[in-house]
Amino acid sequence: MKIPMSSPDVSQSEIDAVVAVLRTPQLSMGPQIEAFEAEMARLAGVQNAVGVNSGTAGLHLAVIASGLGEDDWVVTTPFSFVASANCLLYERALPVFVDVDESTGNIDPARVEEAVSAIRRGRKNASTFLPRSHRRKKLRPSRLRALLPVDVFGQPAEMDQLREIARANKLVVIEDACEALGSSYKGRPAGGLGDVGVFAYYPNKQMTTGEGGALVTGRVEWADLARSLRNQGRAPGATWLEHVRLGYNYRLDELSAALGVAQARRLEDLIDRRHRVAMWYTQRLAGLERVRPPQIASTTTRISWFVYVVRILPPANRVEVARRLLQREIPTRNYFSPIHLQPFYVERFGYRRRDFPVTELLGEQSLALPFSSVMTEGQVDAVCRELKAAVGEG
Ligand SMILES: *Cc1c(COP(=O)(O)O)cnc(C)c1O
């Protein structure tokens, strides 16, 4: 039997919740989105949540709410899903990539500090932190406006250090927590660690709304702005055809929100089940020389597992291993494929191989194994057996 890469975990309570919405006349902008937002604010430990129709939409609104625009520079990570950098390009802001920590894959605060201080102090090497396409232009230190860390694979970024750099340099912190719903950093919930955070609910995430996302923030003005922007730029309480700013249709419909509310109420259980599956993997992969299991940082006081990503170490070869597993009907994913080497970024910004060596190393060695809350111990056994054979440690 083929093992799926990921699976949503939908129970009768979710089916009932969605069907109940279908029996009402209100399929968008009703009570479900409000209930959903209350759940998400609670999970992030902040006052405000704004539901939207994807994580990418949430990131876009977070960028606008942070006041970022044309030629503003944002220090962020190339080891991520492409949306965390694309959201800056939507507003013509510039991603300034810095490399990541090898053990977690999260943005390295030491390199962030290096880049920020070089740019802010106008040091001679400052332009080396910019993409090649921008190195000949005049350095404008005041354009550096924000940090955008990503909580990679469910582990919160090193937020205390990043916030300290942000505070000292008056930078906004946007937390891409799309992979970290339910995780904690030093006891504080992911999503609420920066000035604004974003969650996502695509079907492979810890919980799903089908498509969906949410912006979470302690700043009520930012939440109000995001609410207006998701709804075609209407002011709160304005009539249907009154638009006070350029907005979008990023609304989350009531069916999706109801699914989200029911999933959020089961989230603890979903996270526990995912944890159990992760531990089955970790037990079976312990002691291998060519497979490195995920490393959990001491600052991650609770990990809500999003994916189970191992590193395939030499002499084993990731491409070969993935091919052999697929022959045995076991799907895997190369996770992540570095953003700076995506064809569009190479063309637009002139990035090259070796620009971010740690990101590239992780990009070449990382392999996401099949993972979900509904995976059985027998399935994990089968994957691990084939993986051991594929790396020559069978
Ligand atoms: C899932 C994810 C997003 C958002 O994805 P959508 O498909 O737009 O919901 C953003 N950033 C990261 C790191 C993600 O994993």
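First listed ligand is number 1; within each ligand, the first listed atom is number 1.
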(request) To the nearest 0.5 Å, tell me how far N53 CG sits from D253 CG. (result)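 Separation between the atoms: 8.5 Å.
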
(request) State the CD-CZ distance between E268 and R273, to the nearest 0.5 angstrom. (result)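 Answer for the CD-CZ pair, E268 versus R273, is 13.0 Å.
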
By number and element, which atoms of ligand 1 are closer than 4.0 Å to a non-hydrogen atom of [X]?
X    : result
V150 : 13 (C)
E179 : 13 (C), 14 (C), 15 (O)
G55  : 4 (C), 6 (P), 8 (O), 9 (O)

Can you check whether [X] has an N/O within less than 3.5 Å of an N/O in ligand 1?
X    : answer
K205 : yes
Y202 : no
Y335 : no

For [atom], the protein heavy atom that lies nearest, with its residue and separation:
atom                    : result
atom 10 (C) of ligand 1 : C178 SG, 3.4 Å
atom 8 (O) of ligand 1  : T56 OG1, 2.5 Å
atom 11 (N) of ligand 1 : D176 OD2, 2.8 Å

(request) Examine the proximity of ligand 1 to S84 and report which part, side chain or backbone, both or neither, has a heavy atom under 4.0 Å away. (result)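 It is neither; nothing of S84 touches ligand 1.
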
(message) As a test of understanding, state which of D160, T299, T301 forms a side chain to side chain donor-acceptor pair (under 3.5 Å) with K186.
(response)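 Testing each of D160, T299, T301 against K186, the sole residue satisfying side chain to side chain donor-acceptor pair (under 3.5 Å) is D160.
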
(message) I'd like to know if E14 pairs up with R265 as an ion pair, taking the criterion as any Lys NZ or Arg NE/NH1/NH2 lying under 4.0 Å from an Asp or Glu carboxylate oxygen.
(response)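 Not counted as a salt bridge, because no side-chain N and carboxylate O are separated by less than 4.0 Å.
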
(message) Between S183 (side chain only) and S304 (backbone N and O only), is there a donor and an acceptor less than 3.5 Å apart?
(response)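 A pair under 3.5 Å: yes.
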
(request) Going by the ring-ring contact (aromatic ring centres under 6.0 Å, His included) test, name the single residue among F349, F356, Y345 that passes it with H340. (result)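 Exactly one pass, corresponding to F356.
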
(request) Determine, step by step, whether S372 and R274 satisfy the side chain to side chain donor-acceptor pair (under 3.5 Å) criterion, reporting the C-alpha distance in whole Å, the side-chain angles of both residues, the deciding distance to 0.1 Å, and the verdict. (result) CA-CA 6 Å; S372 73; R274 293 173 89 93; over 6 Å; no

